[in-house]
Protein chains: 2
Amino acid sequence: MVDIRDIAKMAGVSTATVSKVLNNYSEVSEATKIRILKIVEEVGYIPNSSARALSTKRSWLIGIVYSEHLHIGLEHNYFSGVLEAFKRKVESLGYDVVFISGKDIGYLKRCQVRNVDGVFVVTADITDEGLRALLDSDIKCVTTDVPYKSIPLVYSDNRQGSLLAVRHLVELGHRRIAHIAGPLSSIAGQERLDGYRQGLAEAGLPYDESLVVEAGEYDAQSGYDCMNRLLQLPQAPTAVFVVCDLSALGVVRCISEHNLVVGKDISVVGFDDIELAAHVHPALTTLRQDRKTIGKILAETLIKRMNNETVEEKIVIPTKLIVRDSTSRID
Amino acid sequence: MVDIRDIAKMAGVSTATVSKVLNNYSEVSEATKIRILKIVEEVGYIPNSSARALSTKRSWLIGIVYSEHLHIGLEHNYFSGVLEAFKRKVESLGYDVVFISGKDIGYLKRCQVRNVDGVFVVTADITDEGLRALLDSDIKCVTTDVPYKSIPLVYSDNRQGSLLAVRHLVELGHRRIAHIAGPLSSIAGQERLDGYRQGLAEAGLPYDESLVVEAGEYDAQSGYDCMNRLLQLPQAPTAVFVVCDLSALGVVRCISEHNLVVGKDISVVGFDDIELAAHVHPALTTLRQDRKTIGKILAETLIKRMNNETVEEKIVIPTKLIVRDSTSRID
DNA sequence: AATTCTTTCGAAAACCTTTTCGTGAAATCC
DNA sequence: GGATTTCACGAAAAGGTTTTCGAAAGAATT
């Protein structure tokens with residue numbers, strides 16, 4: 001394997017000079033720069049990243065911390081979408097993305113061992129001692145769903161989204177609008193519930209506690225279970241705003257099994273706009289989260305933090321109502 | 001930050017000795033070993049991985065190569081499941097997992113820059129020049145869906161699975177069984193089609209070309225489109241075996257939109273057993289791929305390859321038929 | 001008592017970059 | 001034409017670990 005010293009020898013310069021052109025410093029003449037670049041190209045020289053990291057004290061690695069908390073993780077469309085956009089952005093700046101698991105020695109230590117330059121905490125349990133140790137350390141972090149102290153947070157405008165959902169249902173004539181809330185230990189769960197209440201208030205509708213049930217997790221089974229409870233009410237709702245699409249699919253299943261027709265007897269609105277939302281029957285009305293934008297801004301924010309620039313603590317991205325077939329005007 | 005020299009000084013030994021206990025070599029007395037370990041623990045010493053990598057020429061990093069080829073990628077339940085199991089296994093052995101994107105400089109070069117010890121090619125386009133360069137290099141690879149030369153391949157027994165699907169439908173009395181095949185450029189697409197044909201042959205049913213349509217991608221839309229074509233046939237099939245669950249959901253949607261009832265008028269069998277399969281309406285009969293086992297064996301195989309042990313070129317894991325509500329006896 | 005063998009440890013080289021600071025030459029200024 | 005600045009580059013240190021090989025001391029063997 002050819003190293004920087006070989007290149008230097010071939011070009012008749014010192015390693016310092018080669019290093020400078022490789023990191024395009026200005027203090028080297030155009031002529032030698034071209035000459036060196038040509039040689040580098042010809043012999044296919046690849047800098048040793050370990051040596052580089054050792055010297056610069058930067059690993060050019062960004063850690064992804066996540067655990068399958070609340071049953072959301074990489075398998076969830078939202079997170080994989082955000083992660084994809086995040087990855088694309090940081091890669092364009094020369095960073096690579098590495099998974100950090102908390103197993104055995106804890107997140108913080110793992111980050112230190114790998115010497116990551118920053119970390120993206122995707123989804124995790126804030127009650128986890130180990131996670132808090134990481135967030136409290138001086139490693140630069142960024143997150144999209146766990147609010148903690150002044151860790152920058154980039155996420156959807158949950159309140160506004162929920163508001164749009166309720167308005168949509170109200171416009172269709174619904175009055176008995178239920179809400180299947182997410183776990184209220186999560187910020188998304190809380191805020192979406194808030195938006196729902198605000199929507200009702202706006203429409204002059206009373207807040208009926210019996211129409212709100214809290215799901216244990218962000219998954220289909222929870223939606224199914226919650227809907228079951230709603231259907232046992234003396235007077236069932238005519239519409240349900242569900243905290244996420246996955247749960248909404250469970251709701252759809254439940255309604256169907258009761259021989260009712262979704263989008264006719266009962267309207268359903270989800271949240272996320274997972275890919276499947278458009279492809280199930282009936283296609284799901286939902287709030288689209290702008291995963292691409294969130295991931296990109298998350299990346300930019302983290303990079304800024306890594307450069308010790310100041311950043312906003314909270315960036316909120318609007319959602320968009322996507323009307324499909326699971327909602328309809330009440331008869 | 002305390003380094004190995006500080007530890008050595010504190011323990012009154014040389015760095016060599018400290019290094020040896022840290023990598024538990026035998027040639028150091030039990031007494032000093034304990035003494036050093038105690039100090040390491042007390043001061044929370046963390047070895048510098050860059051220096052380590054530089055010295056050992058191993059990065060302890062395993063690359064994940066994937067592109068959103070054929071619309072399958074991290075968002076696909078199969079791959080995220082396999083990846084999760086893979087990750088768990090290699091992490092337990094001290095490796096971390098890093099994403100490798102082919103953008104800009106190509107997979108091979110990116111792997112070389114990061115100096116990965118091995119790579120898991122998750123899903124990618126084998127016609128991609130850059131990917132072939134990687135697979136042809138002397139970097140140790142392993143894969144679950146792209147057969148190429150002697151790169152070890154661990155995956156489901158597609159033929160057996162398809163056979164089970166067809167047998168199941170035959171047992172329910174179906175005779176006109178259609179198949180929505182995956183892209184035949186993929187090994188899964190080919191083998192599942194093979195299994196389907198074998199199943200028909202076994203049951204003494206003729207192979208009817210008009211009952212087989214090839215999907216463009218492994219997604220819901222493709223399933224939807226294919227089913228549309230099948231329903232335009234003069235005599236529609238009574239059962240459809242679909243190459244994957246995602247497409248099967250598209251099929252379900254299509255059938256429903258034609259005011260037919262899935263699991264009554266037309267039976268549907270998927271492949272994968274994605275998480276949602278059990279939670280949609282009707283719950284999907286499908287072939288479960290053993291993602292955990294595949295991921296684990298993939299990891300073990302790669303590690304062996306990295307240690308220059310010989311491994312089997314092809315390891316096939318059985319699938320399991322999961323009967324739910326989308327299939328029923330024909331009237 | 002002399003020799004050999006083991007055990008335990010250390011000195012120092014090696015791994016490959018980056019970066020600081022100094023130097024000489026050329027260009028610019030009064 | 002002398003003083004000053006700018007430019008282009010290099011010598012060498014620094015970064016933290018692993019590993020080889022040799023040395024010393026103690027144990028075992030003749």
Side-chain angles (χ1 to χ4, degrees), chain A residues 1-40 43-61 94-96 109 111-117, chain B residues 1-40 43-61 94-96 109 111-117:
Chain A
M1 207 70 233
V2 37
D3 66 23
I4 198 173
R5 293 167 298 200
D6 298 322
I7 303 290
K9 226 171 279 172
M10 293 185 222
V13 295
S14 73
T15 62
T17 305
V18 177
S19 176
K20 282 169 195 164
V21 340
L22 256 22
N23 297 285
N24 46 18
Y25 282 27
S26 52
E27 53 167 50
V28 41
S29 76
E30 198 60 22
T32 53
K33 181 172 172 178
I34 292 175
R35 180 158 44 99
I36 291 174
L37 250 22
K38 186 153 164 273
I39 296 178
V40 165
V43 305
Y45 164 67
I46 292 173
N48 180 306
S49 63
S50 305
R52 191 151 189 268
L54 183 59
S55 196
T56 58
K57 302 182 175 195
R58 306 183 64 177
S59 63
W60 294 94
L61 238 32
Y95 292 89
D96 280 314
K109 194 146 183 189
C111 286
Q112 290 171 331
V113 168
R114 267 305 164 193
N115 194 25
V116 297
D117 295 335
Chain B
M1 208 70 233
V2 37
D3 64 26
I4 199 174
R5 291 167 298 201
D6 298 323
I7 303 290
K9 225 170 280 172
M10 294 186 222
V13 295
S14 74
T15 63
T17 304
V18 177
S19 177
K20 282 169 195 163
V21 339
L22 256 22
N23 297 285
N24 46 14
Y25 284 24
S26 53
E27 58 168 51
V28 41
S29 76
E30 197 62 23
T32 54
K33 181 171 172 179
I34 291 177
R35 180 158 43 98
I36 290 175
L37 250 22
K38 186 151 164 275
I39 296 179
V40 165
V43 305
Y45 163 67
I46 292 173
N48 180 306
S49 63
S50 305
R52 190 147 190 268
L54 183 59
S55 196
T56 59
K57 301 179 176 202
R58 306 183 64 178
S59 63
W60 294 94
L61 238 31
Y95 292 90
D96 280 315
K109 194 148 183 187
C111 285
Q112 290 171 329
V113 168
R114 266 306 163 195
N115 195 26
V116 296
D117 295 335

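Reminder, nothing fancy here: chain letters follow the sequence lines and each chain counts from 1. Keep in mind that what you see is a predicted model, and the values were worked out from it rather than measured.
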Interatomic distance, [X] [atom1] vs [N] [atom2] [rounded to whole Å]:
| X | N | atom1 | atom2 | answer |
| --- | --- | --- | --- | --- |
| A:N24 | D:dC9 | CG | P | 15 Å |
| A:N23 | C:dT20 | CG | C1' | 15 Å |
| A:I36 | C:dT18 | CD1 | P | 12 Å |
| B:L22 | D:dT17 | CG | P | 9 Å |
| B:I4 | C:dG10 | CD1 | P | 12 Å |
| A:M1 | C:dC16 | CE | C1' | 12 Å |
| B:N115 | C:dC15 | CG | P | 14 Å |
| B:I7 | C:dG10 | CD1 | P | 15 Å |

Under 4.0 Å from OP1 or OP2 of [N]: is there any side-chain N or O of [X] that close?
| X | N | value |
| --- | --- | --- |
| B:S29 | C:dC9 | yes |
| A:S55 | C:dT18 | no |
| A:R52 | C:dC16 | no |
| B:R5 | D:dT17 | no |
| A:Y45 | C:dT17 | yes |
| A:S14 | D:dA11 | no |
| B:S50 | D:dG15 | no |
| A:T15 | C:dC16 | no |
| A:N48 | C:dC15 | no |
| B:Y25 | D:dT19 | yes |

B:L54 or B:K33, whichever maps to the more 5' nucleotide of DNA chain C: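 By nearest-heavy-atom nucleotide position, the 5'-most residue is B:K33.
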Might you point out which heavy atoms bring A:S50 and B:A53 nearest each other, and give the distance in Å?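 In terms of heavy atoms, the two residues are closest at OG-CB, 3.3 Å.
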For B:N48 and B:Y45, work out which heavy atoms get closest and say how close.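 Nearest heavy atoms, B:N48 then B:Y45: N-OH, 4.5 Å.
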Along DNA chain D (nearest heavy atom to each residue), the more 5'-positioned of B:E27 and B:I46: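 This one resolves to B:I46.
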Donor-acceptor pair, [X] side chain versus [Y] backbone, under 3.5 Å?
| X | Y | value |
| --- | --- | --- |
| A:D117 | A:W60 | yes |
| B:N23 | B:Y25 | no |
| B:D6 | B:K9 | no |

Tell me what A:T56 touches on the nucleic acid: a base, only sugar-phosphate, or nothing, going by heavy atoms under 4.0 Å.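 A:T56: backbone/sugar contact only, no base atoms under 4.0 Å.
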Under 4.0 Å between any heavy atoms, over every strand shown, what does A:T32 touch: base, sugar-phosphate, or nothing? Just pick one.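 The residue A:T32 makes sugar-phosphate contact but no base contact.
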Looking only at the side chain of B:A51 (C-beta and beyond, no hydrogens), which of the listed nucleotides C:dT18, D:dG16, D:dT18 gets closest?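 Ranking C:dT18, D:dG16, D:dT18 by closest atom to the B:A51 side chain puts D:dG16 first.
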Can you figure out which of C:dC9, C:dT17, D:dC9 approaches the side chain of A:K20 most closely?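 Of the options given, the side chain of A:K20 lies nearest D:dC9.
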Would A:N115 and A:L61 satisfy side chain to side chain contact (heavy atoms under 4.5 Å, CB included), going step by step from the backbone distance to the final call? CA-CA 8 Å; A:N115 194 25; A:L61 238 32; over 6 Å; no
